[in-house]
Asks: 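Before I ask anything, let me first share the structure, which is written out below as C-alpha cells.
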Amino acid sequence: MVYLEGMNSSAAYPIFLGEESKVGVAPQIAVISAPLAKTLSWGGGTEFGPRAILDASPALEVFDDELLQETVQAGIITRPPLALADCDLAEACQRVRAAVAQELAAGLFPVLLGGEHTVSGPAVAALRDQYPDLHVVQVDAHLDLRASYDGTPLSHACVMRRVVELGVPFSQVGIRSFSGEEWQLVRERGWRPFTMARIHQEADWLEQLLAEIRGPVYLTIDVDGLDPAIMPATGTPEPDGLSWRQVTALTRALAAGQHGLVGMDVVELAPRPGFEHAAFTAAKLIYRTLGYMAKARRLSITKE
Ligand SMILES: [Mn+2]
C-alpha cells in the first residue's frame, strides 16, 4: 500500500478519536485518509479535509448521547494517509481502490475520508467487486453526472457518471445544483433524484429512498449536501441542504435497513478558519453512523 512516507508512526498523524480509540479489541472499522485535491472547481483545500476531521474527532464523547453506547468498543483503526500527491489522477484512483479492497479483504468496514469527491469512484469499484448487487447512496448538493469536467473524466464533478458506467444503481439526496446537460440525462434515464425541492414536498422521501435499494449500500457523503449553516467548510456551499436531523435519519435508516451499509466516505471538507465546527460535525456524523450500525447489530460491541 502506498502510504505517505514518514506517516507510519502514530505521532506523525492524528487518529480517529485519538487515544480513546485504543480499546484493545480487534478492529471492525478502518479509517482511510485520501487527501486528493487535483481537480478543483472553486474554493480548494480539500486535501486538508481528512486531517481536519481526525484532528477534531478526539473532542467527541465516545459515549454516544443518542445511542447511549460506546461505539468505539467496536474497534476503529486509522490508517496512515494515502500518498496521492506524487502521482497522476489515474494512479491516485488506483491507490484508493487498492486501499479499500485491502480493508474489505480483511473483513473491515471502510470509512474513507476525502479529499475531493473523485475518491468515491474507485471506492465504489472496490466495493462492487465484493458486492455485485451494491447500491450507492450519494448525499450531495450536486448531481456529479457530467461526462467530463475541465478536460478530465476523473473530476470530482463527474464521480457519479463513473458510477453509472460501472452499472451500479444509485440514489441521490440533497441535490440543488446541476447543469442543463445533467438534468437532461436525468430525464432521459427516468431517474428521480431526491432534490431538496422534493424532500421539502414529500414527507415520505426517506421511505421512498429505502424502497429503491436492492442490495448493500455504499454511502458517499459530499459534505456540501448538508445545509451550509452546519457545514460551511466546503468549496461550493449551496444554500438549503440537509439538516443534521435529516442526514442522521438517513444514515440511521440505511444502517438499520434490510441490506445495511458496507462502506462509507465523507468527502469535500475544506477547512476554513473560524468554521472549525464543520470538521467536528463531519466526525460526529461518521461516529453516529457507525453507532447506528452497532445498534442494528451489524457491528458488535462487547462492552457497552
Ligand atoms: Mn458536491
Side-chain angles (χ1 to χ4, degrees), residues 34-50 52-53 89 92-93 96 112-124 136-150 152-165 168 170-183 185-186 191-199 209 218-244 246-247 250-251 264-272 275 278-279 281-282 285-286 289:
L36 184 73
K38 291 184 193 287
T39 69
L40 305 175
S41 50
W42 189 52
T46 57
E47 67 269 44
F48 305 114
I53 294 169
L89 201 45
C93 287
V96 172
L112 187 65
L113 308 179
E116 61 176 281
H117 210 157
T118 302
V119 300
S120 304
V124 169
V136 171
V137 173
Q138 170 207 13
V139 170
D140 207 316
H142 310 94
L143 290 171
D144 290 345
L145 284 168
R146 288 173 160 90
S148 73
Y149 192 74
D150 270 355
T152 175
L154 294 177
S155 165
H156 64 100
C158 313
V159 64
M160 292 307 291
R161 190 65 173 266
R162 305 288 82 81
V163 170
V164 171
E165 289 165 0
V168 176
F170 61 95
S171 306
Q172 301 179 286
V173 188
I175 306 299
R176 56 199 188 279
S177 174
F178 39 81
S179 69
E181 172 205 338
E182 287 175 295
W183 193 248
L185 180 70
V186 164
W191 293 328
R192 294 194 64 221
F194 292 88
T195 62
M196 285 313 299
R198 182 176 172 196
I199 288 170
L209 188 153
Y218 182 75
L219 173 63
T220 175
I221 300 176
D222 180 334
V223 295
D224 68 29
L226 306 184
D227 186 335
I230 63 166
M231 185 50 69
T234 188
T236 48
E238 287 282 340
D240 205 2
L242 297 174
S243 67
W244 176 253
Q246 286 173 317
V247 75
L250 171 65
T251 70
M264 70 179 290
D265 66 52
V266 174
V267 300
E268 298 282 346
L269 183 89
R272 298 278 185 268
F275 294 118
T281 299
L285 180 56
I286 292 165
T289 301

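Numbering of ligands and ligand atoms starts at 1, following listing order.
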Asks: Test of understanding: with ring-ring contact (aromatic ring centres under 6.0 Å, His included), list the residues that count as partners of Trp191, not counting sequence neighbours.
Replies: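 Checked Trp191 against ring-ring contact (aromatic ring centres under 6.0 Å, His included); matches are Phe170.
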Asks: Can you name the N/O/S atom of Asp224 that is nearest the Mn ion (ligand 1)?
Replies: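 Restricting Asp224 to its N, O and S atoms, the minimum distance to the Mn ion (ligand 1) goes to OD2.
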Asks: Please find out if the Mn ion (ligand 1) and some N, O or S atom of His156 are separated by less than 2.8 Å.
Replies: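 Given the 2.8 Å cut-off, His156 does not count as a ligand of the Mn ion (ligand 1).
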Asks: Please find the N/O/S atom of Asp222 nearest to the Mn ion (ligand 1) and write down its name.
Replies: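 Nearest N/O/S atom of Asp222: OD2.
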Asks: Side chains of Thr118 and Val159: closer than 4.5 Å at any heavy-atom pair?
Replies: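 Side chain of Thr118 against side chain of Val159, heavy atoms only: no contact under 4.5 Å found.
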Asks: Hey, what do you get for OG1 (Thr46) to CG (Leu113), rounding to the nearest 0.5 Å?
Replies: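 These two atoms lie 12.5 Å from each other.
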Asks: Using 0.5 Å steps for rounding, measure from the OG atom of Ser177 to the CE atom of Met196.
Replies: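 Ser177 atom OG to Met196 atom CE measures 13.5 Å (nearest 0.5 Å).
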Asks: What is the name of the N/O/S atom in His142 that sits closest to the Mn ion (ligand 1)?
Replies: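 This turns out to be ND1.
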Asks: Can you list everything that forms a side chain to side chain donor-acceptor pair (under 3.5 Å) with Thr195? Sequence neighbours excluded, please.
Replies: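 Partners of Thr195 by the side chain to side chain donor-acceptor pair (under 3.5 Å) criterion come out as none, since no residue qualifies.
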Asks: Near the Mn ion (ligand 1), is there an N/O/S atom from Asp140 that is less than 2.8 Å away?
Replies: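 So Asp140 counts as coordinating the Mn ion (ligand 1), yes.
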